[in-house]
Protein chains: 2
Amino acid sequence: MTAAGNHQASRPSGRRLERAGIRDVAAAAGVSITTVSDALNGKGRLPEATRRHVREVADRLGYRPSAAARTLRTGRSGLIGLTVTTYGEEPFTFTEFAYFAEMARAATSAALARGYALVILPASSRHDVWSNVALDGTVVIDPSDHDPVVAELARQGVPVVSDGRPGNCPVHAWVDNDHEAAVLGILDHLADAGARRIGLLTGTSTDTYTRLSTTAYLSWCERVGQEPVYESYPAHDPCAGAVAADRLLARPDRPDAVYGLFDPNGTDLLAAARRYGLRVPEDLLLVCCSESDVYATTEPPITTLSLKPGRIGTAVVQLLIDAIEGVGGTQPVQQVMPTDLIVRTSSQRRPPRTKVSPPRSPGAG
Amino acid sequence: MTAAGNHQASRPSGRRLERAGIRDVAAAAGVSITTVSDALNGKGRLPEATRRHVREVADRLGYRPSAAARTLRTGRSGLIGLTVTTYGEEPFTFTEFAYFAEMARAATSAALARGYALVILPASSRHDVWSNVALDGTVVIDPSDHDPVVAELARQGVPVVSDGRPGNCPVHAWVDNDHEAAVLGILDHLADAGARRIGLLTGTSTDTYTRLSTTAYLSWCERVGQEPVYESYPAHDPCAGAVAADRLLARPDRPDAVYGLFDPNGTDLLAAARRYGLRVPEDLLLVCCSESDVYATTEPPITTLSLKPGRIGTAVVQLLIDAIEGVGGTQPVQQVMPTDLIVRTSSQRRPPRTKVSPPRSPGAG
DNA sequence: GGGGGATGGAGATAGGTTTCTGCAAGGTGA
DNA sequence: TCACCTTGCAGAAACCTATCTCCATCCCCC
């Protein structure tokens with residue numbers, strides 16, 4: 001009665017839609033708001049009868065606890081940010097679009113399975129958007145060195161987990177592929193297929209993926225005694241990729257096998273090979289890094305390296321939520337994920353026996 | 001002084017990271033919290049000197065207003081939901097993955113430009129996730145009839161805008177393509193290219209896209225006096241699409257042109273045509289609906305219909321935010337967006353003059 | 001028969017912000 | 001000089017929940 005009186009007195013105008021609050025439930029059930037809260041959240045010491053009664057009344061009134069009030073009280077919003085550093089106006093770069101899409105899909109799944117929702121927040125967005133949303137933690141894709149967003153989040157004590165090795169960012173944990181192993185595996189695979197001179201199509205940017213992959217290529221060349229043959233281009237420009245592919249095949253020391261680090265390289269290289277009358281795989285072996293399954297249906301199908309963004313997205317979110325909830329503080333804070341080489345016609349001199357067979361042990365030869 | 005005293009008394013243990021609150025700023029600046037709030041939010045009647053001073057002190061203390069408290073007080077969270085109805089476990093269906101990814105990208109951009117952030121929330125997710133996040137509004141992609149999530153949101157007074165015509169859902173507005181016009185345009189285009197019997201690859205599901213497109217096809221057939229030739233399959237199953245494509249070309253009344261309603265139909269039809277020794281476009285004209293640009297590089301390149309998900313995502317978000325902010329209550333609540341036909345080799349009997357040329361007026365012949 | 005533990009539940013406070021109301025000082029016109 | 005308006009700012013309510021503290025029983029057992 002008191003609660004009801006208070007309630008009526010405290011709502012002189014009835015602002016918005018008359019949503020039922022916890023007070024309304026308490027009044028209707030004839031109990032205190034403490035009892036309602038405890039009953040609905042499974043806390044406190046209450047007999048099952050009271051719990052059931054309160055739940056029933058709450059259902060009847062269509063009561064939904066206010067997310068904002070709960071967040072304010074508990075300090076938990078159930079929201080985690082998904083951030084990607086951007087190079088232009090758009091929130092996502094197109095070069096890694098397939099990667100990002102798949103990664104975001106997996107991250108969303110993983111978050112929801114643990115009761116969290118994902119908020120997409122490009123790193124370049126206005127600061128007011130960032131401070132306007134209460135985040136329990138954030139996933140950062142491919143953070144740049146000294147990323148200001150990460151620094152600010154760290155200052156606020158928000159856990160951050162990154163996809164890709166962080167430069168100098170204070171992250172709680174990171175997940176990344178074993179890029180060196182992947183490149184070495186591909187080069188060995190191409191050499192096994194008969195390649196004598198393997199070329200590389202790489203980028204001019206300094207992110208870890210490009211850097212580690214290129215370094216691995218160079219060290220492999222040094223190990224086997226091959227002169228490096230590679231072309232670099234700004235990976236954000238799709239046209240530049242086609243030009244670089246052409247340049248690579250136009251060289252006097254033309255390679256007889258090429259690995260392309262970026263998604264569109266496969267079609268670009270295929271087109272360039274066609275222009276120069278090179279048959280794939282007879283005259284040119286081809287592999288590129290891609291998440292797109294279009295390379296299963298090109299003519300010929302092209303062998304691709306998948307970074308398995310789904311696995312990464314899942315792992316990143318698990319690590320982040322663990323950090324948020326404070327579990328497993330002792331387990332390793334970095335995780336190196338394997339990649340998948342999907343072998344298709346373009347990298348096999350002889351017709352393959354089985355359609356798709358990832359090599360179990362690349363170093364068998 | 002009073003505020004400071006209050007503050008110290010009210011924080012006996014200093015729970016988490018000592019984040020500066022508005023009270024700390026007020027105390028440090030020697031003003032009241034009202035003045036701080038007004039100064040930072042550009043409200044109230046304050047001389048510029050005071051405003052500047054407060055802002056400076058707030059900056060010095062690294063003050064960030066609590067998003068949760070602001071949301072609780074104002075009733076606005078700055079968050080809008082992005083929901084896609086799901087058919088399985090995963091948050092997104094793979095059939096429309098390219099569509100969804102592009103649409104989400106554009107929606108994210110549009111929302112951020114207006115100071116909102118996007119939360120991804122599959123419709124099938126547990127109820128507690130939905131009620132745990134304060135949403136100012138929601139975009140629903142392709143809602144099913146009597147969608148329970150939409151009904152619940154409507155009950156709570158949360159504005160909902162849908163991508164795709166809503167069945168019986170109480171949405172504030174919707175945006176959709178002009179599917180009939182698109183199909184009619186494609187059929188006319190194929191007929192212009194010399195098709196005598198045009199087949200359709202369609203779905204068994206009852207969503208509006210499939211329904212409207214199929215109906216348009218049937219009415220076109222009736223109008224021009226052609227017997228309909230079509231195969232239906234469950235669009236969620238990619239293998240079923242390949243089988244249906246094969247079935248369509250195996251019919252005794254084999255069509256000499258086919259339009260496929262779903263993204264993978266192009267490659268499926270191309271593979272089937274190859275199996276039956278049909279040359280494209282000489283023996284078979286091909287068009288499919290797809291957002292993927294892989295059809296620019298297939299052999300031959302395939303004409304595609306783009307639904308322009310980017311434009312739709314932008315429009316949907318604009319409409320939603322308008323509804324949230326209460327502007328433009330009189331403007332139309334539904335918006336029909338045009339599609340783009342990207343004409344390539346597969347739908348032209350004679351080699352094209354220009355590489356890519358969307359037909360300006362399809363009824364020119 | 002009374003101390004003490006377990007049970008069931010109420011009261012009050014905190015969490016941080018926005019905003020309505022109101023107050024004091026100073027200026028202005030009659 | 002006084003009423004009145006404007007300026008500059010302070011106080012306090014309200015938003016809604018979760019939880020800490022505490023009180024009243026009731027029962028058990030010495």
Side-chain angles (χ1 to χ4, degrees), chain A residues 1-3 6-27 29-51 53-54 58 63-78 131-132 134, chain B residues 1-3 6-16 18-27 29-51 53-54 58 61 63-78 131-132 134:
Chain A
M1 301 229 298
T2 321
N6 254 339
H7 171 226
Q8 289 206 352
S10 72
R11 273 205 208 168
S13 58
R15 298 208 152 193
R16 301 201 158 240
L17 203 63
E18 285 285 351
R19 275 191 53 184
I22 197 174
R23 284 191 308 269
D24 304 283
V25 178
V31 295
S32 75
I33 59 170
T34 306
T35 306
V36 174
S37 179
D38 284 349
L40 295 181
N41 294 333
K43 303 197 171 178
R45 301 168 310 197
L46 296 178
E48 194 49 39
T50 307
R51 259 183 229 284
H53 176 223
V54 169
Y63 168 69
R64 299 267 175 272
S66 150
R70 170 174 290 173
T71 299
L72 178 59
R73 178 64 230 233
T74 62
R76 290 280 174 81
S77 66
S131 65
N132 242 340
Chain B
M1 303 233 293
T2 321
N6 256 337
H7 170 227
Q8 290 207 351
S10 70
R11 273 205 207 169
S13 58
R15 300 208 151 194
R16 299 202 160 242
E18 285 286 349
R19 276 192 52 183
I22 198 174
R23 283 192 308 268
D24 303 286
V25 178
V31 296
S32 76
I33 59 172
T34 305
T35 304
V36 175
S37 179
D38 284 349
L40 296 181
N41 295 332
K43 302 196 173 179
R45 300 169 308 200
L46 296 179
E48 194 49 38
T50 308
R51 259 182 231 284
H53 176 223
V54 169
L61 296 186
Y63 167 70
R64 300 269 175 268
S66 150
R70 170 174 289 173
T71 300
L72 178 60
R73 175 67 232 228
T74 61
R76 290 279 174 80
S77 66
S131 64
N132 243 340

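Lettering of chains follows the sequences in order, A, B, ..., and the numbering in each one begins at 1.
Under 4.0 angstrom from either OP1 or OP2 of C/dG8 there lies no side-chain N or O belonging to A/Thr50. The side chain of A/Ser66 contributes no N or O atom lying less than 4.0 Å from OP1 or OP2 of D/dC16.
Of the two residues contacting DNA chain D, namely B/Thr35 and B/Ala69, the nearest-nucleotide position lying further toward the 5' end is that of B/Thr35. Taking the nucleotide of DNA chain C with the nearest heavy atom to each of A/Leu46 and B/Arg64, the more 5' of the two is matched to A/Leu46.
Atom NZ in A/Lys43 sits about 8 Å away from atom P in D/dA18, given to the nearest Å. Summarising the geometry, the separation between CD on B/Glu48 and P on D/dT7 is reported as 15 Å, rounded to the nearest angstrom. Here D/dC9 presents its P atom at 10 Å from CZ of B/Arg51, a figure rounded to the nearest Å.
For B/Arg64 (side chain) and B/Ala20 (main-chain N/O), no donor-acceptor pair under 3.5 Å exists by modelled atom type.
When heavy atoms are screened at a 4.0 angstrom cut-off, B/Asn41 is found touching the sugar-phosphate backbone but no base atom. A/Arg45 comes within contact range of at least one nucleobase, with a heavy-atom separation under 4.0 Å. Using a 4.0 Å heavy-atom cutoff across all strands shown, B/Ser37 reaches at least one base atom of the nucleic acid.
Looking at A/Ser37 and A/Thr34, their side chains never bring a donor and an acceptor atom within 3.5 Å of each other.
Ranking C/dG15, D/dC15, D/dG8 by closeness to the B/Arg73 side chain, first place goes to D/dC15.
The base of C/dG11 sits within donor-acceptor range of the side chain of A/Thr34, with an N or O pair under 3.5 Å.
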